[in-house]
Amino acid sequence: MIEKHDDKDAICDSVNSLVEGCRLPVRANGTDDWPLAEIISVKEDQGVKCYYVHFVDFNKRLDKWVTEDYLDTRKVQFPGRDGTTTAPGTGAVTPKRQISSRPQSPSITSSEQINGTTVLQAALQKKAARKRKSTVPENEDSQDAKMQNPPSGPRSTGSLVDHHDDVVTRMKNVELIEIGKHRIKPWYFSPYPQEMVNLPCIYICEFCLKYCKSRKCLERHLAKCNLRHPPGIEIYRKDSLSVFKIDGRKNRIYAQNLCLLAKLFLDHKTLYYDTEPFLFYVMTEFDDRGFHIVGYFSKEKESTEDYNVACILTLPQYQRKGYGKLLIEFSYELSKFEGKTGSPEKPLSDLGLLSYRSYWTHTILDILINLKLQTRNEKPQITINEICELTSIKKEDVMSTLTNLNLVYHHKGQCILLNKEIIEQHRTAMEKRTIRIDPKCLRA
């Protein structure tokens, strides 16, 4: 005897068989789109099964917890032992795309929660750019240092690059942060202590970046905190904008807290607890309450590859206001001051490449258009090396930018041709940049 089941029963049976690694269409918020997603984790919350999904080929900031009504269980690809996914009932095996920048997370049982320290202990076993022993300055408060520095934790490479062999978790672990007057939903995992990530919100002092469990705890801290600006030396000030230079060795706790905060919004960043080899340049806005952090970039004190930036971030509440380009511009002004050409640590992430390519494009076009205006009817002449000297941008970055703009032509040797459309686009973009770095205000 054959019993009939309606479609709903079949879907429910399929949902019960879903495990980590399954791929299936998942409905995106507020749309009728059903992009392919991978199940990263499964949990039960008050009797309701929830699934943490990553949308394949989309940024990880879109990852989220969903219930079964978001899942299309008619097209499930189950994980195979050899890293393949198999469509049920077909016997067909589909190769599972390997995403080197997003390694599998450690298995999590019901009695074991995600712990940043555990994950980072695994990360420390992987190759690191440096192996240095970190020392605690004698004047640091030992109790505070113990709270802010777990026994094994991140060394900040401050890197924008895609680290292929770091073992990191794939799931967001912080629900909300409050820093200053802003409440922000983080985008990625950051290895804050376990007792912090279980809270509905982490409260962060916007001046020293210490993290607290509650607003009352933060208020008690602010009553004692005598900082109203980042520690270190103020090396730039114009109007309300300032930049502070911070040594990762002298201000280790601040640097570590900065890295923990940055990791919430940077996917391609690896953390270790040795900040000694790095300098941090923190950009702030000043008002009557103090200097508020806008963003920062870090750089190695000694770079064999002439990298002038290791990691760069504008905090979400200050994005789309021109501060990203301002930080990049400041990094190249430092390179000019040092008499060097510089480049960000490579390979860049997709977003990092877009930001830098935009800066390189406008900076190089500025040089070329001004040269054309100065020479009037004469044919202006400038070499690639001269562009590098004027901008401090490395030769390969100049060449890649010109090639990307389709400006380099081979006619009796290489030459650059500017058309009216490119010139107008550049002028429109430059008009939108209301704030620029004034080299005269730099005291490096």
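Below, each value reflects all heavy atoms present in this structure, side chains not excepted, and no hydrogens, waters or symmetry copies. One-based numbering along the sequence shown.
Ring geometry, Phe278 versus Phe280: the interplanar angle falls from 30° to 60°, so the pair is classed tilted. Ring geometry for Phe207 against His292 counts as tilted: the plane angle lies between 30° and 60°, on a 0 to 90° scale.
Seen from the ring of Trp187, Lys60 does not count as a face-on cation partner, given the 6.0 Å and 45° thresholds. Cation-pi contact between Arg27 and Tyr70: present, with separation from the ring centre below 6.0 Å and deviation from the ring axis of at most 45°.
With Asp33 contributing its side chain and Pro35 its backbone, the two residues share no donor-acceptor pair below 3.5 Å.
More than 12 heavy-atom neighbours from other residues, nucleotides or ligands sit within 6.0 angstrom of NZ on Lys301. Heavy atoms of other residues, nucleotides or ligands lying less than 6.0 angstrom from NZ of Lys49 number more than 12. Other residues, nucleotides and ligands contribute over 12 non-hydrogen atoms within 6.0 Å of the NZ atom of Lys336.
Remark: Glu396 does not engage Lys346 in a salt bridge, criterion side-chain N to carboxylate O under 4.0 Å.
Inspection of the Ser331 and Lys299 side chains reveals no N or O donor paired with an N or O acceptor under 3.5 Å.
One distance of note links NZ of Lys172 with CD1 of Ile40; it measures 12.0 Å at 0.5 Å rounding.
When the options Asp63, Asn59, Asp267, Asn173 are evaluated for a side-chain hydrogen bond (donor to acceptor under 3.5 Å, both in side chains) with Tyr188, the one that passes is Asn59.
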(request) Take His229 and Phe244 through the test ring-ring contact (aromatic ring centres under 6.0 Å, His included) and record every step on the way to the result. (result) CA-CA 8 Å; His229 60 76; Phe244 292 82; 5.1 Å; yes
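Applying the ring-ring contact (aromatic ring centres under 6.0 Å, His included) criterion to Phe330, with sequence neighbours excluded, gives Tyr236.
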